[in-house]
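Right, one structure below, let's go through it.
The structure displayed is predicted, hence computed values, not measured ones. Here is the naming used below: chain letters follow the sequence lines, and residue numbers restart at 1 for every chain.
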Amino acid sequence: MILKETENDQAGKRLTWSFYQQDDVVEIAKELIGKYLVTDFAAGKTVGRIVETEAYQGPEDQASHAFGNRYTERTKTMYLPGGHAYVYLCYGIHQMFNVVTGKDGVPHAILIRAIEPVFNTVLMLDRRGMKSVKPALGAGPGNVGKSLGFNTEHSGNSLLEPTSQIWIEDREEIIHQKQLIASNRVGVAYAGEWALRPWRFRLKDSPWTSKAKGLGE
DNA sequence: CGAATGATCGGCT
DNA sequence: GCCGATCATTCGA
C-alpha cells in the first residue's frame with residue numbers, strides 16, 4: 001500500500017532558476033497550475049498537483065505583506081530572489097506556503113491555495129487526521145500547508161538547491177488558458193481596489209480547488 | 001512589555 | 001450562514 005504508492009511516483013523535471021526569476025508574478029501564478037509541488041521531509045515524501053494559486057505583486061499590492069516595501073523579520077523572506085519558500089502562520093493555526101518569485105530584492109510571492117493529492121495520500125491523511133481522501137484534504141491554503149507538512153521553519157528554504165526538501169516539478173502537462181478560471185482574491189477585502197484584481201487562478205472543473213467565495217467571479 | 005490582529009477552516013445552527 | 005479556535009507578528013507605550 002504505502003510501498004506500492006512509492007513505486008508509482010513518477011519523477012518530473014524540477015523548475016529552474018530562470019522560471020522563478022520572471023518579472024510577471026501573475027504570469028507565473030498561471031503557469032504554476034498543473035505543476036507538482038513536492039515535499040520530502042523526514043516523515044516521507046508527498047506530492048500534490050497545484051490546482052489553485054494567488055499572486056501577490058510586491059510593494060505596490062496593498063494585499064501583500066510587503067506592501068509599501070514593508071520589511072520585517074517575517075517578510076524579509078519575500079525579498080529573496082525567486083525560487084524560495086515563504087511560509088507564515090495565519091490566524092494562529094494555518095501554515096501558508098508561498099513561492100517567492102522575481103529578482104533579488106523584489107518581494108513578489110504566489111500563495112498555493114489548493115492541491116490535488118497525487119502521492120503518499122496515507123501520510124497526507126495522517127497529517128490532517130482524516131480517514132479518507134476527499135477534496136478537503138488539499139483545498140484551501142491552510143490545508144495545503146498541513147497535508148504537505150509545511151511549517152514556518154521552512155520559510156526561506158530554497159526550492160532549487162539539490163539538497164532541498166521542497167521543490168516544484170514540471171511533468172510535461174499542458175494546461176491551456178481556457179482551462180483556467182481567474183477571479184478576485186480571497187480574504188483581502190481590506191486591500192481596496194487591489195482586492196478586485198483577478199489574480200486568483202484555478203483549474204476549471206477540478207473538484208480539488210477551494211470553495212471559499214470571493215466578491216464575485 | 002502588552003494588546004490587537006489576521007492572504008482560514010470546520011463545526012454547528 | 002455564522003462563530004470560535006489559537007498564536008506569531010506587529011506596533012505602540
Picking from [options], which would you name as closest to the side chain of [X]?
| X | options | answer |
| --- | --- | --- |
| A/E73 | B/dT8, C/dT6, C/dT10 | C/dT10 |
| A/R70 | B/dA7, C/dT10, B/dG6 | C/dT10 |
| A/N143 | B/dA7, B/dG10, B/dT8 | B/dG10 |
| A/L89 | B/dC9, C/dA8, C/dT10 | C/dA8 |
| A/T75 | C/dT10, B/dC9, B/dG6 | C/dT10 |
| A/R128 | B/dT8, C/dT10, B/dG10 | B/dG10 |

- [ ] Could you tell me whether the side-chain ring of A/Y91 sits stacked on the base of C/dA5, using a centroid cut-off under 5.5 Å and a plane angle under 30°?
- [x]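 The ring of A/Y91 is not stacked on C/dA5.
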
Task: Distance-only donor-acceptor check, side chains A/S158 and A/S164, under 3.5 Å - done: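 No, because no side-chain N or O of A/S158 sits under 3.5 Å from a partner of the opposite role on A/S164.
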
- [ ] Say whether A/S206 and A/T209, considering side chains only, have a donor N or O and an acceptor N or O under 3.5 Å apart.
- [x] no

TODO: Quick one: stems involving DNA chain C, counted as three or more successive Watson-Crick or G-U pairs, both distances short of 3.5 Å.
DONE: B:1-6 with C:7-12, B:8-12 with C:1-5

Open item on the list: Between A/I93 and A/T152, which residue's closest nucleotide on DNA chain C lies nearer the 5′ terminus?
Closed with: A/I93

TODO: Look at all strands and tell whether A/L111 reaches a base, only sugar-phosphate, or nothing, counting heavy atoms closer than 4.0 Å.
DONE: base

Task: Under 4.0 angstrom between A/T72 side-chain N/O and C/dT9 OP1 or OP2 - done: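 Looking at the OP1 and OP2 atoms of C/dT9, neither is under 4.0 Å from any side-chain N or O of A/T72.
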
Open item on the list: With a 4.0 Å cutoff (strictly under), does any side-chain N or O of A/Y86 reach OP1 or OP2 of B/dA7?
Closed with: no

Could you tell me the separation between the [atom1] atom of [X] and the [atom2] atom of [N], rounded to a whole number of Å?
| X | N | atom1 | atom2 | value |
| --- | --- | --- | --- | --- |
| A/Y88 | B/dA7 | OH | C1' | 4 Å |
| A/H94 | B/dG6 | NE2 | P | 15 Å |
| A/K76 | C/dT10 | NZ | C1' | 15 Å |
| A/W194 | B/dA7 | CH2 | C1' | 16 Å |
| A/R74 | C/dC11 | CZ | C1' | 13 Å |
| A/Q95 | B/dG6 | CD | P | 19 Å |
| A/F150 | B/dA7 | CZ | C1' | 16 Å |
| A/M96 | B/dT8 | CE | C1' | 6 Å |

Task: Residues forming a side-chain hydrogen bond (donor to acceptor under 3.5 Å, both in side chains) with A/E173, sequence neighbours excluded - done: A/Y36, A/R49

Open item on the list: Looking at A/E54 and A/R113, is any side-chain nitrogen of the basic one under 4.0 Å from a carboxylate oxygen of the acidic one?
Closed with: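 A/E54 and A/R113: salt-bridged.
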
- [ ] Following the transitive rule for hydrophobic clusters with a side-chain heavy-atom cut-off under 4.5 Å over Ile, Leu, Val, Met, Phe, Trp and Tyr, establish whether A/V26 and A/F19 coincide in one cluster.
- [x]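 Yes, same cluster.
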
- [ ] Verify, without hydrogens or angle tests, whether A/N143 (side chain) and A/A136 (backbone) share a donor-acceptor contact under 3.5 angstrom.
- [x]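 Yes.
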
- [ ] Tell whether A/H65 reaches the base of B/dA7 with its side chain through a donor-acceptor pair below 3.5 angstrom.
- [x]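 Side chain to base: pair found, below 3.5 Å.
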
Open item on the list: Taking side-chain hydrogen bond (donor to acceptor under 3.5 Å, both in side chains) as the cut-off, I'd like each qualifying pair that reaches into residues 97-112 of chain A, sequence neighbours left out, listed once.
Closed with: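 Every pair satisfying side-chain hydrogen bond (donor to acceptor under 3.5 Å, both in side chains) with a residue in residues 97-112 of chain A: A/D23-A/K103.
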
Open item on the list: Would you call the rings of A/H65 and A/Y86 parallel, tilted or perpendicular, taking 30° and 60° as the class edges?
Closed with: perpendicular

